[in-house]
Amino acid sequence: MSRMCDVCGKGVMSGNKVSKSYNHTRRTWRPNLHSVKATLPNGSVRTLKVCSGCLSANFIEKKVRVPKTETPANN
């Protein structure tokens with residue numbers, strides 16, 4: 001299971017954690033990925049791993065279940 005966005009290709013970054021005493025230890029930063037069912041341009045539906053930045057920028061069209069319309073209450 002890869003930790004990479006299927007839309008923009010954002011992946012794991014690595015670097016150093018620096019303590020107050022300036023000790024360096026290796027660490028990783030992982031992207032904020034979500035599994036989303038999306039409609040592809042050819043009309044098929046597929047589950048993609050998408051980062052939160054691509055979701056908020058509306059780079060994909062989510063396949064969502066449309067809720068039933070509620071009847072207004074008579075008051």
Side-chain angles (χ1 to χ4, degrees):
M1 186 162 120
S2 79
R3 293 185 175 117
M4 187 169 285
C5 177
D6 290 330
V7 177
C8 66
K10 184 184 293 186
V12 177
M13 294 181 67
S14 62
N16 287 318
K17 179 174 75 172
V18 182
S19 68
K20 289 182 179 179
S21 60
Y22 207 61
N23 294 329
H24 289 65
T25 54
R26 298 298 286 179
R27 63 157 292 183
T28 58
W29 288 270
R30 294 180 182 170
N32 189 7
L33 295 178
H34 303 275
S35 293
V36 176
K37 283 192 177 183
T39 306
L40 299 179
N42 61 4
S44 63
V45 175
R46 205 175 120 201
T47 301
L48 301 173
K49 282 201 270 184
V50 183
C51 68
S52 59
C54 292
L55 275 178
S56 63
N58 293 325
F59 286 151
I60 63 162
E61 183 177 337
K62 287 171 52 172
K63 182 220 174 258
V64 293
R65 193 173 306 163
V66 178
K68 294 181 181 178
T69 58
E70 296 181 16
T71 58
N74 294 331
N75 290 335

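Below, all heavy atoms of this structure are taken into account, side chains as well, without hydrogens, waters or symmetry copies.
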Atom pair [atom1] ([X]) and [atom2] ([Y]), whose distance is rounded to the nearest 0.5 Å:
X   : Y   : atom1 : atom2 : answer
K49 : C54 : NZ    : SG    : 14.0 Å
R26 : N16 : CZ    : CG    : 5.0 Å
L33 : C51 : CG    : SG    : 7.0 Å
R46 : K63 : CZ    : NZ    : 15.5 Å

query = So which residues get pulled into L40's cluster when ILVMFWY side chains under 4.5 Å apart are joined, directly or through others?
reply = V7, V36, L48, V50, L55, F59, I60
query = Is M13 close to T28 at the side-chain level, that is, under 4.5 Å between some pair of heavy atoms?
reply = no
